[in-house]
Asks: 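Before I ask anything, let me first share the structure, which is written out below as structure tokens.
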Number of protein chains: 2
Amino acid sequence: MERYLKALNQLDMKLSSINYAMSLTSFDAMTAAPKNSVEARATALEGLSTFYFETLVNEDVKNLLNHLNDHSEALTPTDCSKMKILMQDYEQISKIPSEEYAAFEALKARASVAWEEAKEKNDFSIFAPKLEQVINTTKQFIAYRGIGGHPYNTLLDDYEKGLTTEKADAFFDYLRAEIVPLVKAISESDVKIEDDFIKASYPIEEQKAFSKFLMEKVGFRMDSGLLAESVHPFTINLSREDVRITTRYMENDMVSTMASTIHESGHAIYEQNVDSAFGLSIIATGTSMGIHESQSRLFENNFGRSKAFWDYFYEPMQGFFKGKLDHVAKEDFYKALNTSKPSLIRVDADELTYPLHIMVRYEIEKAIIASDIDVYELPKLWNDKYEAYLGIRPKDDGEGILQDVHWSEGLFGYFPSYALGSAYSVQFEKAMKKEVDVDGALSSGDFKPILKWLEKNIHVFGRTKDPDDIIMDATGEAFNPEFYVNYLKEKYRKVYAL
Amino acid sequence: MERYLKALNQLDMKLSSINYAMSLTSFDAMTAAPKNSVEARATALEGLSTFYFETLVNEDVKNLLNHLNDHSEALTPTDCSKMKILMQDYEQISKIPSEEYAAFEALKARASVAWEEAKEKNDFSIFAPKLEQVINTTKQFIAYRGIGGHPYNTLLDDYEKGLTTEKADAFFDYLRAEIVPLVKAISESDVKIEDDFIKASYPIEEQKAFSKFLMEKVGFRMDSGLLAESVHPFTINLSREDVRITTRYMENDMVSTMASTIHESGHAIYEQNVDSAFGLSIIATGTSMGIHESQSRLFENNFGRSKAFWDYFYEPMQGFFKGKLDHVAKEDFYKALNTSKPSLIRVDADELTYPLHIMVRYEIEKAIIASDIDVYELPKLWNDKYEAYLGIRPKDDGEGILQDVHWSEGLFGYFPSYALGSAYSVQFEKAMKKEVDVDGALSSGDFKPILKWLEKNIHVFGRTKDPDDIIMDATGEAFNPEFYVNYLKEKYRKVYAL
């Protein structure tokens, strides 16, 4: 057995080294790499993913994993999780031909650069040919490795184990039925919330200083990560002790920067609190995109848009933005943070309309995967759905289909986890409140009890627990989107006095 | 044959992917990575170098390379070079046990962090234990793979093919005999050169802007690289289209920053001009450390400390440092750039005393490799040699043995190439002047003819030509250090009116 365990851990270490290198390469591509770097990066990523594939998919590993599975009673829980996760990863990629798997990495590297250029120039046609290739490859991979049912299920399951179009349809149907009327009621309301001061000019340097203050205060361990800049904010983990977040500074939209910093801090804190005993390992990361998003949304919205949070943070914030907020009362700032208005850009959407943005993407992705849509038809489809659900239409692709980086990175099936995560976050907070004085913690700026609960119930497990089990064990019941809908209704009815 | 060539290029691509990832990891470690990142990085580097070792050192590759070598007449010159370089690399590492090879990468990652901390705290004892391990491993590797003669030869040959202690001794003996008396004569001269203005305060932001202006003007392609900051300036190439240099800004030493930016630009331009047809390949980089250093020194000294260079650049520089240099005449700035005075920090040394700094390191390394010196004795040995050759003694290890990053990175045998490179650079410049109006190019700020000559005679070849052949073909004769010594004598006799 000892020999097998050594092989398991050697395999884990080697795959994790490749993951480390690929993550660092992505981080670098999005934050620092020069314009002409793309071709070498594409080749390097192709080479690295060849190593990944060859290291994981071969007869020796298959036999190793089967042997360990047959003797799983002799494994520690950690080794057992490694074995299970590796089997799952093996299953995901082993049916794809090695060269096609590696070529997809190179394609994605090129597609990301094309997307960036298309976005910059507001010209979808620069991105379209690469998007078409990404879509075709994605479909081809489903053909190789499909798990049955609707073809989109295979992708949904990649990011949220167990999620299917049936479940997602039910979830979005429920949201649509409950939220669209509320959005309509607000748009017809006479209540006008003053939020002009949010669009005033806030110097970038002051925003940077406030961002660092915020992330540290909410629990980001500064020696085990960093804050950088990128067009599209993201979090990437090289290890538990090296978690990097990015944000983008907009002189005239300080709230957007601040919200994105808190959001990414939520992701990062999850990664920083995975069990340190795992070391550099394939199990030492968040378990699913939905659970991940529950953490970022919890920090951004449930905490960051709450009254209790600003009871503590408003005064320091006034200090960072010298003089700019002296005339704004805390209560007015709170309301401004919680205005709801249909908008075109997902990452800047308010809490209430946010899931409608996700619904648009969910429906388009499902259609792309299930049928043959000409990529050049997608911008119109996108705009039509915005008009249908949000009542507004993008005037160009920059504020339409080009806004998200995801498709250029091959991340089809990922978006639904954003809405799920928002819903999970409310259920988690509710459970946390049974044990922790959350409002007390927020209003005193002492996040310790909150972080402790999250670490114990969610973070520490990394990939050793599936999303469903985490939800069940942490909240005492299965996922229930009613918490989320009720929370939104209650909050927004109060803000708009409905 | 086609099958063999495909295997050769596949091998090249895979090794180059690992090189890419390891270079990026190093760059990141020295420019951005957070404090606690070291352990995961060490593990990742260990994993990546395991891939490198296993990919290169195995029976299949051995047979492949032997087969190609037996049929080398059927290979293109490029494929032939790849085969030869791979055989050379194979020879270098194949005798080292795989685990020891990989463990050395992890050790170096940890040693670099220990060195950084030791330097910051000015405490050699923080670095000493790691240095001892690096030295022991280095010696062990020589035992595995020694190429014969003095054990230090094995290391010298790694960085400068064909270099031996016999050749290096002769070179340094000659320098010592010629330069030490000149340094003495200058220190006894009555000429006092005014250079206080160099130590005036120059705002970092202005230094940054001027650095970017300089690097672009001398030929750095800005879309194919970047400028970052690090404690110890360096150049790293991820590909021909992604070459990164770093510098460090010191408010009170603008000349040091500027010299280091031009120096690293020289390295970078070499990498940016390697034949684009090579793509991402093990042959697509500089051929040796000596030739590399000849390019950085050429830009830093032969160009950057010449009258002709400042005929063009002085006025723009006055503009960047608003008002600060208005009262300083160009001629006085030139002289200040070329003062010579024994100093303790190698990277800030003037052109004349610089090789003496290298001599100190050469002699210490030779002694370390040949005998059993207690690492704790090294600081005294270092200080004694500075006193003997430069007439000054470091007051602590920060300005003594802790100043260089090299040993923490296992780079024993590397330093001599710095002095060799300085000597090569003069021989190259002399040859270039037969075909190019170098002073005319410098004084008009038009580097094109210079860059063209360097590209054609040196840069384009990458690793496909050995240092000796490059020197012979570019200058029409074998390496001759007299050019260097005569250049130094002539220049400094003029500056100091000796």
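This structure is a prediction, so every number in the text was calculated from the model and none was measured.
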Asks: Looking at A:R240 and B:E39, does any basic side-chain N land under 4.0 Å from a carboxylate oxygen?
Replies: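 So A:R240 does not pair with B:E39 through a salt bridge.
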Asks: Is it the backbone or the side chain of A:T50 that comes under 4.5 Å from a heavy atom of chain B, or both, or neither?
Replies: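 Answer is side chain: those atoms of A:T50 sit under 4.5 Å from chain B.
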Asks: With a 4.5 Å limit on heavy-atom distance, are the side chains of A:K14 and B:E54 in contact?
Replies: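 Touching, per the 4.5 Å side-chain cut-off.
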Asks: Mind ranking A:G47, A:G279, A:S16 by heavy-atom pairs under 4.5 Å with chain B and telling me who comes out on top?
Replies: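 Between A:G47, A:G279, A:S16, the count favours A:G47.
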Asks: Looking at A:N19, A:L48, A:V243, which has the largest count of heavy-atom pairs under 4.5 Å with chain B?
Replies: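 Result: the option with the highest number of such pairs is A:L48.
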Asks: Which atom pair, heavy atoms only, marks the closest approach of A:N36 to B:E241?
Replies: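 Smallest heavy-atom distance, with atoms named: O-CB, 3.2 Å.
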Asks: Any salt bridge linking B:D242 with A:K35? Criterion: basic side-chain nitrogen under 4.0 Å from a carboxylate oxygen.
Replies: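 Salt bridge flag = no for A:K35 with B:D242.
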Asks: Below 4.5 Å from any heavy atom of chain B, which atoms of A:A33 appear? Answer side chain, backbone, both or neither.
Replies: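 When you check distances to chain B, atoms from both the backbone and side chain of A:A33 fall under 4.5 Å.
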Asks: Who wins among B:Q10, B:R244, B:M222, B:R221 for the most heavy-atom pairs under 4.5 Å with chain A?
Replies: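 Highest number of pairs under 4.5 Å: B:R244.
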Asks: Are A:F51 and B:T55 close enough that some pair of their side-chain heavy atoms sits under 4.5 Å apart?
Replies: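 The answer is yes, as the side chains (C-beta and beyond) meet within the 4.5 Å cut-off.
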Asks: Count the heavy-atom pairs under 4.5 Å between each of A:S37, A:S239, A:A21, A:A32 and chain B, then report the option with the highest count.
Replies: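 Ranked by contacts with chain B, first place is A:S37.
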Asks: Drop me the distance from B:L238's CG to A:T25's OG1, to the nearest 0.5 angstrom.
Replies: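 Separation between the atoms: 8.5 Å.
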Asks: Near B:K208 NZ, under 6.0 Å, is it more than 12 heavy atoms from other residues, nucleotides or ligands?
Replies: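 Count over threshold, so yes.
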Asks: So which atom in B:L280 and which in A:A44 form the shortest heavy-atom distance, rounded to 0.1 Å?
Replies: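 Heavy atoms only, the tightest pair is CD2-N, 4.0 Å.
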Asks: Among A:L45, A:D28, A:V38, which residue forms the greatest number of heavy-atom pairs with chain B at distances under 4.5 Å?
Replies: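 The residue among A:L45, A:D28, A:V38 with the greatest pair count is A:D28.
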Asks: Where do A:D223 and B:P34 come nearest, in terms of heavy atoms and distance?
Replies: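 A:D223 and B:P34 have their closest heavy atoms at O-CB, 3.5 Å.
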